[in-house]
Amino acid sequence: MTDKMTASDHNNAPGWDAIDAALQPLYVGQTPKHYGTAISYKLGGPDPLQGISAYRRGGAQPHWHFVTYGFSELYDKESDDSDVSGYGFELTFRVADETCADEASAGEPPKWAMNFLQNVARYVFSTGNVFSAGHYMNLNGPIALEHDTAIRSIAFVHDPELTMIDTPNGRVEFLQVVGITEDEEVACKRWVTLKALKTFALAMPLYITDLNRGSLLADPLIAAEVDAGTVRDGSNTGFLFLERIAWTRHKRLLRAAHYDIEIGAGQVPELTALLPVRLPFGRQLLLVGNDARVVLAPGERCGVEVDDKTLRVTLNDDACRELVETLKPIAGDYALRAFGGIVFRIHRTDIRDADGKVIQVIG
């Protein structure tokens, strides 16, 4: 990315101007540090976002406040949906920085944060998958590769200081990326994500990402609030995307068919954490893979239905409880006494680095 002065360098950029106007009341008189792309993504450049601005925030919670330009339509209207501009959002990101507390010593915004936002944009632009408030994602590593940090996941909320705006190209909302630890991600999954994040905000004002912090669940009051909410409300996580999920039907003469469900050992803890906060609340859990789908649903009687590539397994309370207690992240076959028609076949999971080298084996 290269330095760029302001959005006014562009002609006919009503979307860009609308974003600038939304930030102006928060930072009266401040010219943000702006970083633009040298080569447009459409022309083969590596960065999907056309720019990122960083505003310096002092006071009791010093931080850099980043905002992106490029998920929405900055120039002419191109999409068919007149109500929504582009993907309908821009990202913001607040990163703790002690130097912001002293204007005389305030340095440059951290480059890792801008690289990270471009990586998020690459994911959206390459997959078409968009984010909304309440979504979360595991990063499979630290949020900043050059830092030893416990922040290895992200979640999304509406920026607490920026409301949705109407632009000439349609509406745009500001989604803030929030860096969280992996156990905080699990808490979000097991409860209602936005309620969990609201609880975390008690110790994380404005949802500022701080690379130096540990898990907020180490605070007994926050942990108790999360536990109580989970027991009261259950989980709003309706599906899990699994790298390995398959099922096989075995025919038996004069007996009901038998089904094997295959998953990776690394996916077992997440599955067993979600089942007791989904099925007992009358909510199913969908396991999604590239070539297969398995629905685990609550019911009074155990049973199996097949629809194309989807296997629907109904579990009563006893079978659900037994599955949670029995299934382990260890390779092997796990049968249920409460439901003889199903066997869970667990395979080992190989965790690989960016070069494809196995760095951890689970199971």
Side-chain angles (χ1 to χ4, degrees), residues 1-57 63-79 84-95 97 99-100 103 106-128 130-131 143-146 154 156 159 161-162 164-177 179 209:
M1 301 187 69
T2 60
D3 292 349
K4 183 182 288 289
M5 291 302 294
T6 66
S8 61
D9 295 336
H10 299 279
N11 295 321
N12 190 29
W16 197 308
D17 293 337
I19 296 170
D20 284 347
L23 272 294
Q24 196 276 332
L26 285 179
Y27 301 101
V28 177
Q30 181 179 156
T31 299
K33 293 181 180 295
H34 187 80
Y35 302 85
T37 55
I39 303 176
S40 168
Y41 191 66
K42 293 182 178 180
L43 297 178
D47 298 325
L49 297 175
Q50 298 190 42
I52 299 173
S53 284
Y55 293 83
R56 190 177 67 227
R57 188 71 161 264
H63 62 276
W64 289 99
H65 192 185
F66 296 89
V67 60
T68 65
Y69 298 80
F71 289 105
S72 61
E73 292 166 298
L74 304 174
Y75 307 104
D76 296 330
K77 181 65 181 176
E78 296 181 359
S79 66
V84 178
S85 176
Y87 287 112
F89 66 87
E90 292 290 351
L91 292 180
T92 69
F93 191 32
R94 299 173 189 261
V95 179
D97 190 341
T99 64
C100 292
E103 292 188 7
E108 293 293 315
K111 290 297 195 329
W112 71 260
M114 291 179 282
N115 291 333
F116 164 73
L117 288 171
Q118 288 287 4
N119 283 335
V120 174
R122 291 185 188 97
Y123 169 80
V124 173
F125 278 65
S126 64
T127 66
V130 298
F131 297 109
I143 193 171
L145 295 179
E146 63 271 29
I154 55 174
F156 296 85
D159 189 295
E161 295 184 318
L162 295 171
M164 185 179 68
I165 59 175
D166 289 317
T167 79
N169 293 329
R171 64 178 180 269
V172 178
E173 63 180 358
F174 293 96
L175 290 179
Q176 182 171 320
V177 184
T209 296

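None of these values were measured; they are calculated from a predicted model. One-based numbering along the sequence shown.
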Reported [atom1]-to-[atom2] distance for the pair [X] and [Y], which is rounded to 0.5 angstrom:
{"X": "Leu74", "Y": "Ile19", "atom1": "CG", "atom2": "CD1", "value": "5.5 Å"}
{"X": "Ser72", "Y": "Tyr87", "atom1": "OG", "atom2": "OH", "value": "11.5 Å"}
{"X": "Thr92", "Y": "Asp159", "atom1": "OG1", "atom2": "CG", "value": "3.5 Å"}
{"X": "Phe156", "Y": "Gln176", "atom1": "CZ", "atom2": "CD", "value": "11.0 Å"}
{"X": "Arg57", "Y": "Trp64", "atom1": "CZ", "atom2": "CH2", "value": "13.0 Å"}
{"X": "Glu173", "Y": "Leu91", "atom1": "CD", "atom2": "CG", "value": "10.0 Å"}

What residues form a side-chain hydrogen bond (donor to acceptor under 3.5 Å, both in side chains) with Gln30, not counting sequence neighbours?
none
Partners meeting side-chain hydrogen bond (donor to acceptor under 3.5 Å, both in side chains) with Ser126 (sequence neighbours left out)
none
Residues Asp166, Arg171; criterion side chain to side chain contact (heavy atoms under 4.5 Å, CB included); working and verdict
CA-CA 4 Å; Asp166 289 317; Arg171 64 178 180 269; 3.7 Å; yes
What pair of heavy atoms forms the shortest contact from [X] to [Y], and how long is it?
{"X": "Pro25", "Y": "Ala21", "value": "CD-O, 3.2 Å"}
{"X": "Leu49", "Y": "Thr37", "value": "O-CG2, 2.7 Å"}
{"X": "Asp97", "Y": "Glu108", "value": "OD2-O, 4.4 Å"}
{"X": "Glu73", "Y": "Ser85", "value": "N-OG, 2.8 Å"}
{"X": "Gly179", "Y": "Ile154", "value": "CA-CG2, 4.4 Å"}

Across all chains, not counting sequence neighbours, the side-chain contact (heavy atoms from CB on, under 4.5 Å) partners of Pro14 are Asn12, Pro168, Asn169
State which residues pass salt bridge (Lys or Arg N to Asp or Glu O under 4.0 Å) with [X]; sequence neighbours excluded, sorted by chain then number.
{"X": "Arg122", "result": "Asp47"}
{"X": "Glu78", "result": "Lys42"}
{"X": "Glu90", "result": "none"}

Hey, is the main chain of Gly170 close enough, under 3.5 Å, to the side chain of Thr167 for a donor-acceptor pair?
yes
Contacts of type ring pair (Phe, Tyr, Trp, His ring centres under 6.0 Å), residue [X], not counting sequence neighbours:
{"X": "Phe116", "value": "Phe93"}
{"X": "Tyr27", "value": "Tyr55, His65"}
{"X": "Phe89", "value": "Phe71"}

Decide yes or no on side chain to side chain contact (heavy atoms under 4.5 Å, CB included) for Trp112 and Leu145, but give the supporting numbers first.
CA-CA 8 Å; Trp112 71 260; Leu145 295 179; over 6 Å; no
Can you confirm whether Glu161 sits close enough to Arg94 that some side-chain heavy atom of one is under 4.5 Å from a side-chain heavy atom of the other?
yes
Val177 versus Val120: any side-chain heavy-atom pair under 4.5 Å?
no
Steps toward side chain to side chain contact (heavy atoms under 4.5 Å, CB included) verdict (Phe131, Tyr123)
CA-CA 11 Å; Phe131 297 109; Tyr123 169 80; 3.7 Å; yes
Test side chain to side chain donor-acceptor pair (under 3.5 Å) on Gln50 and Tyr75; report intermediate values, then the result.
CA-CA 11 Å; Gln50 298 190 42; Tyr75 307 104; 3.0 Å; yes
